[in-house]
Amino acid sequence: KQEVTQIPAALSVPEGENLVLNCSFTDSAIYNLQWFRQDPGKGLTSLLLIQSSQREQTSGRLNASLDKSSGRSTLYIAASQPGDSATYLCAVQYYGNNRLAFGKGNQVVVIP
Amino acid sequence: DAGVIQSPRHEVTEMGQEVTLRCKPISGHDYLFWYRQTMMRGLELLIYFNNNVPIDDSGMPEDRFSAKMPNASFSTLKIQPSEPRDSAVYFCASRPYRGSHTEAFFGQGTRLTVV
């Protein structure tokens with residue numbers, strides 16, 4: 001079964017600290033992995049897409065890494081700000097499949 | 001482009017009533033997905049279309065659920081009859097086909113409450 005796990009479910013960090021969010025997946029036949037942000041009562045906003053052939057992707061303060069052999073992706077957010085408070089979701093697309101398998105997300109609170 | 005547009009944003013209905021959720025994907029996108037989000041199960045794919053054709057409906061929970069895509073710019077998800085356990089946020093997403101990796105774009109969702 002293709003499962004995606006995000007632990008912990010919730011975390012709080014003081015403003016200015018770097019955020020590290022982890023995503024684990026059980027099937028190595030990964031095609032790509034996408035990180036999303038979701039604000040309360042809102043839809044999902046795509047942050048980064050990292051292809052299976054890539055080891056990392058960067059966008060501004062965000063950096064996502066991918067390690068297929070260990071079945072893990074990490075999202076780094078540098079110098080966190082209160083505006084980064086949201087739920088971050090990891091989604092995996094596998095080869096031969098157009099669906100995204102989602103983790104349940106990391107709910108992040110950045111404390112001013 | 002205005003993004004993926006869903007309507008209504010909120011729907012409250014009584015058990016047994018028919019509910020229709022609507023979605024307008026981003027123009028030019030080839031894939032359209034319907035997802036459901038609950039606290040217990042997270043985001044689950046219900047069905048997806050490629051060029052208006054349903055490809056995988058294995059996530060549709062019961063025969064009470066049906067989805068259509070009559071043209072490239074419109075899709076509906078219908079629940080008939082609705083039940084309290086259908087209460088969730090329903091998201092529509094679209095994605096282009098570019099021969100390789102492309103991002104999925106989500107609508108704002110429809111929060112459905114069945115009482």
Using a 6.0 Å cut-off, check whether atom [atom1] of [X] has over 12 heavy atoms from anything other than its own residue.
| X | atom1 | value |
| --- | --- | --- |
| A/Arg55 | CZ | no |
| B/Arg64 | CZ | yes |
| B/Glu44 | CD | yes |
| B/Asn71 | CG | yes |
| B/Glu14 | CD | no |

Name the orientation class of the two ring planes belonging to B/Phe106 and A/Phe36 (parallel below 30°, tilted from 30 to 60°, perpendicular beyond 60°).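 Perpendicular, since the angle between the ring planes exceeds 60°.
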
Step by step, work out the side chain to side chain contact (heavy atoms under 4.5 Å, CB included) result for A/Lys104 and B/Arg41. CA-CA 8 Å; A/Lys104 291 191 176 179; B/Arg41 300 173 69 91; 5.6 Å; no

Show your reasoning for whether side chain to side chain contact (heavy atoms under 4.5 Å, CB included) applies to A/Gln93 and B/Arg95. CA-CA 13 Å; A/Gln93 183 181 352; B/Arg95 180 164 66 84; 3.8 Å; yes

Treat each ILVMFWY residue as a node, draw an edge where side-chain heavy atoms are under 4.5 Å apart, and state whether [X] and [Y] are in one component.
| X | Y | value |
| --- | --- | --- |
| A/Tyr31 | A/Leu49 | no |
| A/Val110 | A/Leu47 | yes |
| B/Phe65 | B/Phe33 | no |

Quick one: CG on B/Leu43 to CG on A/Leu100, what's the gap to the nearest 0.5 Å?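 Going from CG on B/Leu43 over to CG on A/Leu100, the span is 9.5 Å.
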
How far does CD of B/Gln37 sit from CG of A/Leu89, to the nearest 0.5 angstrom?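 That separation rounds to 6.5 Å.
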
Nearest heavy-atom pair of [X] and [Y]: which atoms, and what distance?
| X | Y | answer |
| --- | --- | --- |
| A/Lys42 | B/Phe91 | O-CZ, 3.7 Å |
| A/Gln34 | B/Ala104 | NE2-N, 3.3 Å |
| A/Asn98 | B/Tyr48 | ND2-OH, 3.3 Å |

Go through the atoms of [X] and report whether side chain, backbone, both or neither lie under 4.5 Å from a heavy atom of chain A.
| X | result |
| --- | --- |
| B/Gln6 | neither |
| B/Tyr35 | side chain |
| B/Asp56 | side chain |

Quick one, B/His101 with A/Ser53, criterion side chain to side chain contact (heavy atoms under 4.5 Å, CB included). Give me CA distance, side-chain angles, the key distance, then yes/no. CA-CA 11 Å; B/His101 306 269; A/Ser53 59; 5.6 Å; no

